[in-house]
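Report on one structure; see the data block that follows.
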Amino acid sequence: MKKVILISLAVLGLGFASCKKDNISSNNTSHVSVKMTDAPGAYDAVILNVKQVVVVTSGGKKTLDIGGGPINILHFMLGRDTLLADADIPAGSLQQIRLVLDNSGNKVVVNGSSYDLTTPSGQESGVKLNVQEDLKAGIAYTFLLDFDAAQSIVLTGNGKYILKPVIRAYSQAVSGAITGTVSPAESAPKVFAIMGTDTVGAVTDATGKYYFSGMTAGSYKVDFVPESPYLPTTMTNVVVTNGETTDMGTVTITK
């Protein structure tokens with residue numbers, strides 16, 4: 001299963017304002033698309049502002065300046081996604097994607113009130129996402145970045161919100177998904193998909209729906225841990241197949 005990593009990101013698929021050529025050759029390139037999706041969080045909005053995406057391969061690097069301004073990443077959850085980057089990249093071994101946040105425009109909205117998000121220091125070079133993938137010349141690749149809003153925002157003791165994003169990165173071609181609905185929705189469970197020693201967490205939205213993307217093919221145990229007085233529930237033998245979405249239907253949570 002793909003490693004969980006910390007990054008910051010946000011940009012609507014409006015295209016790039018400009019591209020900076022670094023140490024790359026005009027030949028021997030692959031076309032790479034980077035998309036973003038989001039796991040639900042208990043917020044009205046999570047607004048982030050990214051100004052650059054830097055893609056690094058063994059063949060060189062490319063910096064993309066981004067236009068469009070801040071966006072609400074909660075618009076892209078439960079299987080929806082938006083384009084982050086779409087460009088020709090030096091072929092070779094993909095090593096890293098860096099997402100550079102603007103110093104302003106990052107906010108979280110809670111119960112109708114807006115709060116500035118304090119971002120980690122050292123943003124000048126970008127928050128680094130290490131990715132291992134071989135890119136062949138002339139081939140198109142799509143990578144999906146799964147942002148976890150529930151785990152990415154930390155409320156400090158003095159009432160400030162800190163952005164410490166958690167995201168999983170994976171290729172859409174070599175993964176599957178799990179979805180379903182919990183009843184009643186007010187049980188509001190945390191949902192965990194477990195295979196061997198690997199665990200992926202999610203939360204349900206207001207309708208009780210949950211969605212796991214980028215799941216390695218195999219058989220999972222899915223645990224539902226609801227709010228009291230509802231009782232935990234476990235489903236077994238949930239099979240994930242590459243390129244497909246496994247729908248678990250409605251899972252009933254009892255008291």
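For the atom pair CD of Gln95 and CD of Gln132, the computed distance is 7.0 Å after rounding to the nearest 0.5 Å. A distance of 12.5 Å separates CG of Asp116 from CD1 of Ile162, quoted to the nearest 0.5 Å. Considering CG of Leu135 and CG of Leu94, their distance stands at 5.0 Å, rounded to 0.5 Å. Within the model, atoms CD of Gln96 and OG1 of Thr57 stand 11.5 Å from one another, a figure rounded to the nearest 0.5 Å. A distance of 6.5 Å separates CG of Leu117 from CG of Leu48, quoted to the nearest 0.5 Å.
Scanning all heavy atoms of the two residues, the minimum distance from Asn72 to Val46 falls at OD1-N, 3.0 Å. For the pair Gly176 and Val240, the tightest heavy-atom approach, listed with the atom from each and the gap, is CA-CG1, 3.8 Å. For the residue pair Ile178 and Ala193, the shortest heavy atom distance occurs at CD1-CB, 4.4 Å. Here the shortest heavy-atom pairing between Tyr211 and Ala177 reads OH-CB, 3.6 Å. Residues Tyr43 and Val110 approach most closely at CD2-CG2, 3.7 Å, considering heavy atoms. Nearest approach of Asp44 to Gly112, heavy atoms of both residues: OD2-N, 2.6 Å.
Side-chain contact annotation: Asn111 with Ser113, donor-acceptor N/O pair under 3.5 Å absent.
The side-chain hydrogen bond (donor to acceptor under 3.5 Å, both in side chains) test applied to Asp223 returns Thr234, not counting sequence neighbours.
Within 6.0 Å of atom NZ in Lys107, more than 12 heavy atoms from other residues, nucleotides or ligands are found, so the atom counts as buried in its surroundings.
Not one N or O on the side chain of Lys61 forms a donor-acceptor pair closer than 3.5 Å with the backbone of Val54. Ser93 contributes no side-chain N or O that, together with a main-chain N or O of Asp134, makes up a donor-acceptor pair within less than 3.5 Å. Under the 3.5 Å distance criterion, the side-chain polar atoms of Asn106 are matched with a main-chain donor or acceptor of Asn49.
A ring-centre distance under 6.0 Å is not found for Tyr230 and Phe224.
With hydrophobic clusters built from ILVMFWY side chains whose heavy atoms lie under 4.5 angstrom apart, Met235 does not share a cluster with Val225. Hydrophobic clustering, with ILVMFWY side chains joined whenever heavy atoms are under 4.5 angstrom apart, keeps Met215 apart from Ile194. The hydrophobic cluster containing Val109 does not contain Leu74, counting ILVMFWY residues as joined when their side-chain heavy atoms lie under 4.5 angstrom apart, directly or transitively.
Using a 4.5 Å heavy-atom cutoff, the side chains of Thr181 and Tyr210 are not in contact. Side-chain contact between Asp81 and Leu144 is present, with heavy atoms from C-beta onward closer than 4.5 Å.
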Enumerate, atom names and distances included, each donor-acceptor pair closer than 3.5 Å involving a side-chain atom of residues 245-255, sequence neighbours excluded.
| from | atom 1 | to | atom 2 | distance (Å) |
| --- | --- | --- | --- | --- |
| Thr246 | OG1 | Val239 | O | 2.6 |
| Asp247 | OD1 | Gly249 | N | 2.8 |

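Ring planes of Tyr115 and Tyr161: tilted class, angle from 30 to 60°.
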